[in-house]
Amino acid sequence: MKISKRIMAVLISGAMLLSSACTDNGAQVPMASDVQQTTSVEATESSTSSSVATSDTSAVESTSTTAVTSASSVADTTVSQSTSTTSSEPQDVPDGQTLSVTCTIPNSWQEGGMECTQIDVVVRNISDSDIEGWTIDMTLGQEHEVMQYWNTEVKPNGTVLSCTNVGYNALIPTNGEITYGVIVKSASPINDITCSAGGSKLPTTQENTKPVQTATSTAAPSAPQIAPPEKTGRYGLVSECGQLSVKGADLVDKNGDPVQLRGISTHGIQWFPAFANKSVFKHLRDEWNVNVIRLAMYTGAGEGYTDSTKAGIEKTVQDAVDACIELDLYVIIDWHVLQDQSPQVRKADSLRFFEYMSKKYADHPNVIYEICNEPNGYASWEGDVKPYAEEVIPVIRANDPDSIVIVGTPTWSQDIDKALASPLGFDNVMYALHYYAATHTDWLRDRLKTCYSNGLPVFVSEFGNCDASGNGQNNWDQAKKWFELMDSLNISYVNWSLADKAEAASLLKPGASTTGGWSDNELTENGKFMKSWLRDHQ
Ligand code: IDC
């Protein structure tokens, strides 16, 4: 596959509407020195780009940051407009500025002759007071169609895409930040993005925009360039435990000794890609003591995984896998079947995806494949899940013969007894049990005990301390009973979820930093509990 690599500058400059009451009628053009903007552009892959896209996909990474001026967070008029200069180093933020906006293009690809561009945006409150309500008008320079968006409401208007807060991220505390993202389709590549407040479009001058350059490569997709793992001396990392396998009902390390993986699952990686990065994972490894990250990729069309979005989403997964490998972490690639009920619905995509991933990561003991999150509804073990697994596992095994594969079970991965009655005939397979402590209690723990004592290898690849909706109240009594049981059986477990969505299951409060290093103020009740539980775990 011929892969083209575009190096592209994204320019973002402009003003911010500070509150819903704000207008920008009084916009003024500040002195150039009032506004600081940094645009840095880097090509992160030298000659090759890999993707699981069905269409030709090129990875483009560009970052642009600007500080945006305003009178103050309580003002009812906006102030700001900016000209900007390109430089590679951030400068001091001048007085009077309120928000900084960082715009990244982690993925772009072609599809049906159109250009698809994912734009991730981080908005940071750099003022000394909280901000309630924000709107960013992004001028993309051309007509476009919005394919997907998260953590924002969008209002397309010609070449302008207006992005407004949703309820849970309206508030940006001082020094806090929120993230949102969009994927747009356009006739030609997006070369620069200009932001403005309330429609006061800011000029993008030619000198603000780096020329688009093109580089091509005919090299085939190859394994990522992996630096030697960073050592921490913590428990259960890949450099210590190596290739895992299954012995009886137990997960064991390269020496055959039982090992327990404990970690965190992302929320849908298509909705919260901002938290799936190396800096966050490193913080979780070093400060929370996790040794596994699960990457949940929802696979239903209504969940945003469509023919036009899947290339971008899958690339986000790959980047996150690469980050985990660099960090010496185990990583679970989760084909997050939920809305579709049966994994048969998307089997063709699954076979393509796991064929690609298992080939790409064949030499990395870090990678664990979870082939169907939670079959549910009509999906039965014998009629749907088992035959699906019998097709997918050989595809993985052909590339990566000794990897661990986790197989979901019916009724949202509660029916491990069905797997016990009719297990799969492959080595190194584990069966998923999922629980939410405020919903699933003794009866499901009893099922786990029975299945384990009958030799079934079980992996709790997702659990919550709240109820099964992902919300409601956390139930710490039940949570502790689950931990006691799982620890006594050395069963691995992964908490849902690494997101700042306003729901009980989230580990992070809305607007939490996307680079980790969270203070307790940025953690939810679940976040604080899980941090101390995992960190102090022996
Ligand atoms: C939930 C999310 C919620 C989202 C919903 C539908 O927490 O924000 O709106 O999915 O996409 C599961 C699923 C997991 C669910 C979670 C909580 O694997 O996707 O996430 N849950 O409902 N099984 C049991 C509970």
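Counting starts at 1 for both ligands and their atoms, in listed order. Along the sequence shown, residues are numbered consecutively beginning with 1.
If you number the atoms of ligand 1 from 1 as listed, the ones under 4.0 Å from a heavy atom of Glu503 come out as 2 (C), 3 (C), 7 (O), 8 (O). The contact set between ligand 1 and Tyr436, taken as ligand atoms under 4.0 Å from a residue heavy atom, comprises 12 (C), 16 (C), 17 (C), 21 (N), 23 (N), 24 (C), 25 (C). In summary, the atoms of ligand 1 found under 4.0 Å from a heavy atom of Lys501, numbered by their order in the structure, are 3 (C), 4 (C), 8 (O), 9 (O). Interface of Ser469 with ligand 1, defined as ligand atoms under 4.0 Å from a residue heavy atom, comprises 17 (C), 22 (O). The atoms of ligand 1 that sit less than 4.0 Å from any heavy atom of Asn373 are 18 (O). Against a heavy-atom cut-off of under 4.0 Å, His336 is close to the following atoms of ligand 1: 13 (C), 14 (C), 18 (O), 19 (O).
In this structure, of Trp412, Tyr298, Trp271, Phe272, the residue bringing a heavy atom nearest to atom 15 (C) of ligand 1 is Tyr298.
In this structure, the ring of Trp533 has its center less than 6.0 angstrom from the ring center of Phe483.
Using a 4.0 Å cut-off between charged nitrogen and carboxylate oxygen, Arg447 and Asp417 count as a salt-bridge pair. We find that Glu484 and Lys480 are not joined by a salt bridge, their nearest charged nitrogen and carboxylate oxygen being 4.0 Å or further apart. Note on Lys481 versus Asp477: no salt bridge recorded, every NZ/NE/NH1/NH2 to OD/OE distance being 4.0 Å or above. Ion pairing between a basic and an acidic side chain is recognised when a charged N comes within 4.0 Å of a carboxylate O; Asp322 and Lys278 show no such pairing.
Ser358 and Asp400 share no donor-acceptor pair across their side chains, judged by distance under 3.5 Å alone. With 3.5 Å as the limit, one finds no donor-acceptor pair spanning the side chains of Gln478 and Tyr436. Residues Lys185 and Ser308 have side chains that never bring a donor and an acceptor to within less than 3.5 angstrom of each other.
Between His434 and ligand 1, no N or O atom pair is found at a separation short of 3.5 Å. In terms of polar-atom proximity, Glu303 is not counted as a contact of ligand 1, lacking any N or O under 3.5 Å from an N or O of the ligand.
Proximity of His267 to ligand 1, defined as any heavy-atom pair under 4.0 Å, is confined to the side chain (atoms from C-beta onward). Counting heavy atoms under 4.0 Å from ligand 1, residue Leu338 touches it through the side chain alone.
For atom 12 (C) of ligand 1, the closest heavy atom belonging to the protein is Glu462 OE2, 3.0 Å.
For Glu390, the CD atom sits in a packed shell: over 12 heavy atoms of surrounding residues, nucleotides or ligands are nearer than 6.0 Å.
A heavy-atom separation below 4.0 Å is found between Ala468 and ligand 1.
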